[in-house]
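Everything on this sheet refers to the single structure shown next.
Each chain gets a letter, A, B and so on, in the order the sequences are listed, and its residues count up from 1.
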Number of protein chains: 2
Amino acid sequence: MHEIAVTLLMRTLSDPTRRAVFERLSREGELTVGVLTRGAGVSQPAVSQHLAALKIAGLVRERREGRRAHYRAEPAGLAPLLDWFAHYSTFWPERFDQLEALLKDMD
Amino acid sequence: MHEIAVTLLMRTLSDPTRRAVFERLSREGELTVGVLTRGAGVSQPAVSQHLAALKIAGLVRERREGRRAHYRAEPAGLAPLLDWFAHYSTFWPERFDQLEALLKDMD
DNA sequence: CCATTTCATAAGTCATGACTTATGAATGAG
DNA sequence: CTCATTCATAAGTCATGACTTATGAAATGG
């Protein structure tokens with residue numbers, strides 16, 4: 001099915017530093033490269049490279065404003081991963097029941 | 001939270017060959033290394049190495065029977081990944097509503 | 001026993017990936 | 001214009017990872 005997309009997403013999110021960038025964008029909204037670099041624990045080029053990888057995977061969107069580049073999370077890019085999960089949840093009903101309960105609590 | 005476990009799971013499942021082994025075990029149940037090797041597209045040692053990686057990640061269990069090693073999927077090992085997903089579903093309600101509906105259909 | 005089957009491990013190769021420093025392009029400020 | 005800021009890209013290093021062939025251990029069958 002979406003094997004290639006799943007592979008790309010898994011590989012992109014498997015790096016802790018890169019995943020932390022994505023998680024921070026998810027939590028804090030739109031951020032510039034400079035702001036993301038402060039607290040990332042790696043150099044600015046490293047952050048730019050992680051953002052490029054996230055962009056290729058469809059997990060992030062860029063908005064240029066003058067010399068600043070603003071990035072924001074694109075959670076819709078997780079769709080293939082969620083589909084993969086839903087497919088294999090057939091073999092794991094109990095755990096998904098918990099998720100269902102969790103989702104109801106969020107309403 | 002379970003960052004380390006999430007990283008390990010993502011990294012383990014990011015390889016298409018290894019993920020295919022896990023998916024096949026999920027679909028077909030318990031299989032021996034020899035059976036898994038037929039159709040894996042790689043050598044028997046490669047399959048053994050993938051199984052070892054899946055075992056370390058908690059995605060697979062081994063049962064020795066004479067000289068045969070039977071492996072089966074351990075879907076409970078996906079728990080940290082599911083938790084990660086549930087956490088970031090806060091920013092993505094529509095999509096998870098679909099999953100919720102899908103889960104209800106399975107009841 | 002002896003040979004065969006089944007699997008795991010060792011060792012080496014090759015590609016990929018995550019990081020660094022260096023640098024340049026583009027914009028903004030004075 | 002000049003200089004600083006902001007970011008991306010280039011180039012090189014180093015570790016990791018996926019695969020191979022070779023081999024050995026353990027169990028089975030004749």
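- Interatomic distance, B:T32 OG1 to B:R63 CZ, rounded to the nearest 0.5 Å: 10.5 Å.
- In 5' to 3' order, the nucleotides of DNA chain D bounding all contacts with chain B (an atom under 4.0 Å from a heavy atom) are D:dG17 to D:dT28.
- The structure places CZ of A:F22 at 10.5 Å from OG1 of A:T12, a figure rounded to the nearest 0.5 Å.
- Listed by chain and residue number, nothing satisfies the side-chain hydrogen bond (donor to acceptor under 3.5 Å, both in side chains) test with B:R68 (two or more places apart in sequence, or in another chain).
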When you compare the protein's N or O atoms with those of nucleotides 3-6 of chain C, which come within less than 3.5 Å of each other, and at what distance?
from, atom 1, to, atom 2, distance (Å)
C:dT5, O2, B:R67, NH1, 2.8

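- Residues that satisfy the side-chain hydrogen bond (donor to acceptor under 3.5 Å, both in side chains) test with A:T17, not counting sequence neighbours, are absent from this structure.
- The OG atom of B:S14 sits 10.5 Å away from atom CG of A:L8, with the distance rounded to the nearest 0.5 Å.
- For B:R72, the side-chain hydrogen bond (donor to acceptor under 3.5 Å, both in side chains) criterion is met by no residue, not counting sequence neighbours.
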- Task: Would you sort out whether B:V60 and B:V21 count as a side chain to side chain contact (heavy atoms under 4.5 Å, CB included), showing the intermediate values?
- Result: CA-CA 10 Å; B:V60 129; B:V21 169; over 6 Å; no
For residues 38-53 of chain B, please give each side-chain donor-acceptor pair under 3.5 Å, one per line with the distance, not counting sequence neighbours.
from, atom 1, to, atom 2, distance (Å)
B:S43, OG, B:A46, N, 3.4
B:Q44, NE2, B:S48, OG, 3.2
B:H50, ND1, B:R18, NH1, 3.4

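- As judged by a 4.0 angstrom heavy-atom cut-off over every strand, A:E65 is placed among residues making no nucleic acid contact.
- Listed by chain and residue number, B:K55, B:R64 satisfy the salt bridge (charged side-chain N to carboxylate O under 4.0 Å, His left out) test with B:E62 (two or more places apart in sequence, or in another chain).
- The stretch residues 52-61 of chain A has no heavy atom under 4.0 angstrom from DNA chain D at all.
- Expressed to the nearest 0.5 Å, how far OG1 of A:T7 lies from CG of A:L81 amounts to 9.5 Å.
- The nearest heavy atom of DNA chain C to A:S14 and to B:L51 marks one nucleotide each, and the one closer to the 5' end goes with B:L51.
- With sequence neighbours excluded, no residue forms a side chain to side chain contact (heavy atoms under 4.5 Å, CB included) with A:R67.
- Only A:Q44, A:P45, A:S48, A:Q49, listed by number, bring a heavy atom of residues 37-50 of chain A to less than 4.0 angstrom from any atom of DNA chain D.
- Of the inter-residue distances, the one linking B:L82 atom CG with A:F85 atom CZ reads 5.5 Å to the nearest 0.5 angstrom.
- Between the CG atom in A:L54 and the CZ atom in A:R19 there is a gap of 11.5 Å [rounded to 0.5 Å].
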